[in-house]
Amino acid sequence: MLITVQHHDHRWQVLPPGSEDAVTFADGTVAFDFADTLAREHHAETGRSSRVRVAVENAFVDAVHYG
């Protein structure tokens, strides 16, 4: 599972897979912590791998990987 934390239009948003709506945050740290929690819980519940990608403009980094 890939969860993306994206900086867009002066806000941070988390794009969970399978969801059409992004969850918006004013603070990047809070957005990342939210995404990290989703990824950790997904891995703990399913045993499948999950990652958090942070994207700003045209650049991204896979910041966390579980499994």
Side-chain angles (χ1 to χ4, degrees):
M1 176 168 83
L2 173 63
I3 301 168
T4 303
V5 179
Q6 184 177 52
H7 188 254
H8 179 70
D9 197 26
H10 305 289
R11 289 178 292 181
W12 290 92
Q13 57 187 15
V14 175
L15 306 167
S19 176
E20 294 181 18
D21 296 323
V23 181
T24 304
F25 297 89
D27 184 288
T29 303
V30 175
F32 179 82
D33 288 346
F34 176 75
D36 181 51
T37 298
L38 289 177
R40 206 170 341 123
E41 288 177 354
H42 174 264
H43 177 65
E45 291 174 6
T46 67
R48 296 173 46 198
S49 68
S50 58
R51 349 178 234 148
V52 176
R53 174 174 287 174
V54 179
V56 178
E57 295 185 15
N58 294 327
F60 68 87
V61 63
D62 288 344
V64 176
H65 184 124
Y66 296 99

Quiz item: Is the count of non-hydrogen atoms from other residues, nucleotides or ligands lying under 6.0 Å from His7 atom NE2 greater than 12?
Solution: yes
Exercise. Say whether Val54 and Val30 are linked into one hydrophobic cluster, either directly or through other cluster members, by side-chain heavy-atom distances under 4.5 angstrom.
Key: yes
Exercise. Rounded to the nearest 0.5 Å, what's the gap from CD on Gln6 to CZ on Arg11? Could you check?
Key: 11.5 Å
Quiz prompt | Atom of His43, atom of Arg48 and distance for their closest heavy-atom approach | solution = ND1-O, 2.9 Å
Exercise. Report the relative orientation of the aromatic rings in Phe25 and Phe34; use parallel for angles under 30°, tilted for 30 to 60°, perpendicular for over 60°.
Key: tilted
Self-check item: Interatomic spacing from CG in Asp27 to CZ in Phe32 - rounded to 0.5 Å
Solution: 12.5 Å
Quiz prompt | For Ala35 against Val52, the heavy-atom pair lying closest together | solution = O-CG2, 3.6 Å
Quiz item: Within the side chain of Ser50, is there an N or O that forms a donor-acceptor pair under 3.5 Å with the backbone of Ala39?
Solution: yes
Quiz item: Looking only at heavy atoms, which two atoms of Ala31 and Val14 are closest? And how far apart?
Solution: O-CG2, 3.4 Å
Quiz item: Asp33: what forms a salt bridge (Lys or Arg N to Asp or Glu O under 4.0 Å) with it, not counting sequence neighbours?
Solution: none
Practice problem: State the CG-CZ distance between Asp36 and Arg51, to the nearest 0.5 angstrom. | Solution: 14.5 Å
Quiz item: What is the distance from atom OH of Tyr66 to atom CD of Glu41, rounded to the nearest 0.5 Å?
Solution: 10.5 Å
Quiz prompt | Step-by-step side chain to side chain contact (heavy atoms under 4.5 Å, CB included) determination, Val56 to Trp12 | solution = CA-CA 9 Å; Val56 178; Trp12 290 92; 3.9 Å; yes
Exercise. Look only at the side chain of His42 and the backbone of Ala44, and say whether a donor-acceptor pair between them is shorter than 3.5 Å.
Key: no
